[in-house]
Number of protein chains: 2
Amino acid sequence: MDKKIIDVARAAGVSPATVSRVLNNRELVKEKTREKVLQAIRDMNYHPNAAAKQLRSQRTMTIGVIVPDINVSLFAEIIKGVQNKAESKGYHVIICDYSGRKGREPDYFALLHNRTVDALIFVAPEAAAEIFAEEADKGFTIGVIGRQIEHDSIPCCYTDNAAFSVEVIQHFVRQGHRQIAFIGGYPEATDAFERLEGYMKALHRSGIGFQPALIENGDFSEEGGYRAFLRLREKGHAFTAVYAANDEMALGVYKACSELGIRIPEELAVFGVDNNRISRYITPHLSTVEQPSYLMGSMLAEKLLSLLGEEKPGPGEAADSRIEVKSRLIIRESSTFHREGGSASSGNLGG
Amino acid sequence: MDKKIIDVARAAGVSPATVSRVLNNRELVKEKTREKVLQAIRDMNYHPNAAAKQLRSQRTMTIGVIVPDINVSLFAEIIKGVQNKAESKGYHVIICDYSGRKGREPDYFALLHNRTVDALIFVAPEAAAEIFAEEADKGFTIGVIGRQIEHDSIPCCYTDNAAFSVEVIQHFVRQGHRQIAFIGGYPEATDAFERLEGYMKALHRSGIGFQPALIENGDFSEEGGYRAFLRLREKGHAFTAVYAANDEMALGVYKACSELGIRIPEELAVFGVDNNRISRYITPHLSTVEQPSYLMGSMLAEKLLSLLGEEKPGPGEAADSRIEVKSRLIIRESSTFHREGGSASSGNLGG
DNA sequence: GTGAAAGCGCTAACAC
DNA sequence: GTGTTAGCGCTTTCAC
């Protein structure tokens with residue numbers, strides 16, 4: 001078996017309590033004693049048992065992050081942001097990938113219930129908001145990334161999906177587009193929904209108004225975007241531009257266009273979201289929206305960690321921490337072909 | 001505070017020991033007693049405290065995975081493989097991303113020393129093999145992915161880097177290439193080194209022999225590949241094909257070619273490794289090698305988990321678990337332009 | 001088949 | 001400043 005604190009204590013000629021004090025630099029310890037203890041620790045290569053420490057101190061020094069898929073760069077970057085911040089404060093991070101397990105998010109609360117983690121960060125655009133509120137009300141420390149949560153003790157870090165979507169549509173309109181289609185994500189995903197709202201708002205402001213026929217849902221996947229695009233075409237309503245709620249679905253549009261011989265951007269302008277690395281390499285380069293994902297992870301982790309440091313706020317006491325971060329449009333070739341006139345009749349797709 | 005086992009015991013009218021037996025379905029418990037206990041657990045929404053359980057049982061039911069960068073698809077897939085297998089056996093996974101911390105791998109052994117994890121999986125191509133051996137000899141359970149380790153109690157799962165590299169070069173030779181350059185990774189990375197060995201072996205077998213001037217190291221990054229390619233050109237030794245030890249560096253070659261007006265594959269054939277998703281989208285599509293990354297993660301996790309289940313093998317007792325998996329070439333446009341003749345003078349690059 | 005009791009290795013009062 | 005002691009919540013002999 002490993003060495004324990006009592007062994008170190010004996011070797012240093014002190015009590016276990018003093019060793020503990022040195023280990024956690026809690027109270028003052030005489031410099032000479034501290035040296036002796038440190039030396040003994042080094043000599044015997046002592047490592048405090050994490051479980052015992054956790055059991056006694058009631059803290060695990062660990063936070064969890066729940067993401068839809070670690071193999072999506074956006075989420076991987078968020079994780080790195082969280083991890084970096086957490087490690088700098090002496091915390092560990094445990095990552096849960098729930099790909100293919102939509103709706104199982106509540107399972108992860110067990111990590112909180114059995115005290116495996118001190119706090120949990122959710123990146124779960126489609127989970128019902130109530131499940132978060134319920135846990136927070138029980139006194140658990142949780143945070144959410146990528147969506148706004150209306151709950152005083154749930155910090156969240158998000159970007160204004162509607163705002164940048166308005167910019168995307170305005171960009172299309174400036175290029176002369178009037179018939180603009182939208183491909184959304186899962187119906188329940190809040191971020192995709194907000195992007196749809198921005199799309200409609202912008203169309204309305206531009207005096208264009210929206211056509212229900214120009215809206216389809218993909219499922220955030222390339223294949224879903226591909227099929228959504230084909231459905232849009234089948235409806236026979238002409239359009240000259242497509243705004244896809246993420247880059248994956250935009251790639252699906254590329255695929256369909258390649259099969260159908262539709263030229264991007266001359267015949268169809270395309271815009272995505274996420275700044276997936278592929279968007280920079282594919283031909284033509286895909287216009288997209290960059291979210292500061294690493295920053296979002298880092299900022300929310302910081303907020304949560306500081307919450308863990310404080311005394312638990314009483315029920316109803318506000319944590320007051322909604323962090324909004326800016327996203328920016330990256331305009332590339334796929335959306336920059338200026339159309340003459342821009343009248344409805346210039347549409348040459350659909351039907 | 002949360003409910004504890006004694007609360008459940010009281011509610012069910014039994015002793016804590018019995019509740020524990022039900023929880024871990026250890027020994028036989030009368031069906032009726034078990035029902036009562038289960039009901040009480042449900043009623044009070046009881047969750048056993050993980051730290052207490054760990055401290056008492058000396059097992060954390062957690063394994064760790066150390067990867068160079070979670071935002072590299074190859075590693076993300078390995079992780080998913082590990083996670084999937086681990087979860088199916090009731091284990092948690094904790095992931096450590098050491099990007100930008102090359103050489104700090106030994107730090108992660110602390111996870112083992114303080115019993116935060118029961119086992120550790122390393123995906124660390126450039127770490128010194130001795131550090132693993134040292135830990136394994138101390139009785140810790142560790143495994144390695146992506147390289148072969150000559151140590152009886154360190155299971156590993158790897159692919160034959162030299163073998164597929166030979167195939168890559170043979171493919172080039174069949175296309176008529178004679179002057180073939182190689183861009184390696186970090187000098188210490190075992191996988192990149194084995195790819196270099198395969199490259200040299202194939203050249204030798206084909207009766208071509210190798211030119212030291214045609215070998216440069218990148219650092220597995222796009223930028224590194226870019227610079228390595230420029231260095232190769234500066235040396236003035238003509239070549240018509242490049243084998244890059246990973247796709248990232250191949251992308252760097254693409255970038256350089258684009259700037260210099262070199263056409264791929266007509267003037268230069270390119271081959272990468274990893275089947276990075278971008279390789280399928282970039283123009284021209286990049287030929288590459290696909291490693292079964294998810295499978296590697298899953299298989300090694302299974303091996304390690306089964307090791308944890310057994311009694312610790314005595315020192316010197318073999319775990320006997322080197323798992324070799326097959327990789328396959330994916331030949332795309334970047335390497336399929338057949339050259340006439342194939343004489344040395346047909347080289348038109350370099351100088 | 002079930003209960004009593006003894007710790008797992010550590011930290012936090014509380015003494016001194 | 002440092003030592004003593006009492007648990008944290010669970011599992012696991014050992015009785016019965």
Side-chain angles (χ1 to χ4, degrees), chain A residues 1-41 44-62 90 110-118 311, chain B residues 1-38 40-41 44-62 90 110-118:
Chain A
M1 210 47 237
D2 293 324
K3 277 97 194 77
K4 7 199 201 203
I5 202 168
I6 183 78
D7 300 318
V8 177
R10 276 202 264 268
V14 298
S15 76
T18 298
V19 177
S20 174
R21 284 189 265 259
V22 171
L23 247 16
N24 305 286
N25 18 245
R26 269 259 146 22
E27 302 146 61
L28 275 334
V29 177
K30 202 160 48 167
E31 191 50 38
K32 211 175 126 204
T33 315
R34 148 180 261 94
E35 286 304 341
K36 267 193 311 187
V37 171
L38 256 16
Q39 190 55 51
I41 289 174
M44 55 207 318
N45 191 28
Y46 166 77
H47 290 263
N49 179 299
K53 191 166 188 160
Q54 286 168 31
L55 177 58
R56 182 60 236 233
S57 62
Q58 304 287 40
R59 296 178 322 149
T60 63
M61 298 303 282
T62 300
L111 293 175
L112 239 20
H113 296 162
N114 67 21
R115 308 279 169 190
T116 296
V117 299
D118 295 337
E311 288 310 303
Chain B
M1 211 47 235
D2 293 326
K3 277 98 194 76
K4 5 200 205 200
I5 204 170
I6 183 79
D7 301 318
V8 177
R10 276 204 264 270
V14 298
S15 76
T18 298
V19 177
S20 174
R21 284 190 262 258
V22 171
L23 247 17
N24 304 288
N25 19 243
R26 269 261 147 18
E27 302 147 61
L28 276 332
V29 177
K30 203 160 49 168
E31 192 51 39
K32 213 175 124 200
T33 315
R34 148 180 261 93
E35 286 303 340
K36 267 194 311 190
V37 171
L38 256 16
I41 288 173
M44 55 208 316
N45 191 30
Y46 167 76
H47 290 264
N49 179 301
K53 191 168 189 157
Q54 286 169 30
L55 177 57
R56 184 58 234 233
S57 61
Q58 304 287 41
R59 295 179 320 150
T60 63
M61 298 303 282
T62 300
L111 293 175
L112 237 22
H113 296 163
N114 67 21
R115 307 280 168 191
T116 295
V117 300
D118 295 337

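So that the names make sense, note that chain A is the first sequence line, chain B the second, and so on, each numbered from 1. Treat the numbers as computed from the prediction; the structure is a model and nothing was measured.
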**Study point:** Euclidean distance, atom CE of residue A:M61 to atom C1' of C:dT11 [Å, nearest integer]
**Key:** 14 Å
Review point. Taking CZ from B:R115 and P from C:dG9, how many angstroms apart are they, rounded to a whole number?
Key: 10 Å
Point to revise | With B:H113 via ring-ring contact (aromatic ring centres under 6.0 Å, His included) - residues at least two apart | key: A:H47, B:F140
Practice item. Name all residues meeting the side chain to side chain donor-acceptor pair (under 3.5 Å) criterion together with A:S20; count only those two or more places apart in sequence or in a different chain, and write none if there are none. Key: A:N24
Review point. Could you give all pairs that pass the salt bridge (charged side-chain N to carboxylate O under 4.0 Å, His left out) test and reach residues 5-15 of chain B, with sequence neighbours left out?
Key: none
Check your understanding: Quick one: B:R10 CZ to D:dG9 C1', roughly how many Å, whole number?
Key -> 13 Å
Revision key, fill the gap. OG1 of B:T18 to CD1 of B:I5, rounded to nearest 0.5 Å, is 9.5 Å
Check your understanding: Between B:K36 (NZ) and C:dG3 (P), how many Å, whole number?
Key -> 8 Å
Review point. Can you check the B:N114 CG to C:dC8 C1' distance for me, whole Å?
Key: 15 Å
Review point. Quick one: A:K32 NZ to D:dT2 C1', roughly how many Å, whole number?
Key: 14 Å
**Study point:** Nearest heavy atoms of B:A52 and A:L55, plus distance in Å
**Key:** CB-CD1, 3.7 Å
Study note, to complete from the structure: Bend of the helix from C:dG1-D:dC16 to C:dC16-D:dG1 from end-axis comparison, five pairs per end, nearest 10°, comes to 30°
Exercise for review: With sequence neighbours left out, write down each residue that passes salt bridge (Lys or Arg N to Asp or Glu O under 4.0 Å) with A:R21, or none if nothing qualifies.
Suggested key: A:E27
Review point. What residues, two or more places apart in sequence or in another chain, satisfy side-chain contact (heavy atoms from CB on, under 4.5 Å) together with A:Q39?
Key: A:R42, A:D43
Point to revise | Verdict with supporting geometry, A:N25 and A:R34, side-chain contact (heavy atoms from CB on, under 4.5 Å) | key: CA-CA 10 Å; A:N25 18 245; A:R34 148 180 261 94; 3.8 Å; yes
Study note, to complete from the structure: Atom CD of A:Q54 and atom C1' of C:dC8 are separated, to the nearest Å, by 14 Å
Practice item. Check side-chain contact (heavy atoms from CB on, under 4.5 Å) between B:T62 and all other residues, then give those that pass, not counting sequence neighbours. Key: B:T60, B:H92, B:I94, B:V117
Exercise for review: When you get a sec, tell me which of C:dG1, D:dG9, C:dG9 is the closest nucleotide to the side chain of B:N49?
Suggested key: D:dG9
Revision key, fill the gap. Taken to the nearest whole Å, CD1/B:I6 to P/C:dT2 is 16 Å
Review point. Nucleotide by nucleotide, 5' to 3', does protein get under 4.0 Å of the base (B), only the sugar-phosphate (S), or neither (-) in nucleotides 11-16 of chain D, counting heavy atoms?
Key: BB----
Practice item. Output yes when at least one side-chain N/O atom of A:Q58 is less than 4.0 Å from OP1 or OP2 of D:dG9, else no. Key: yes
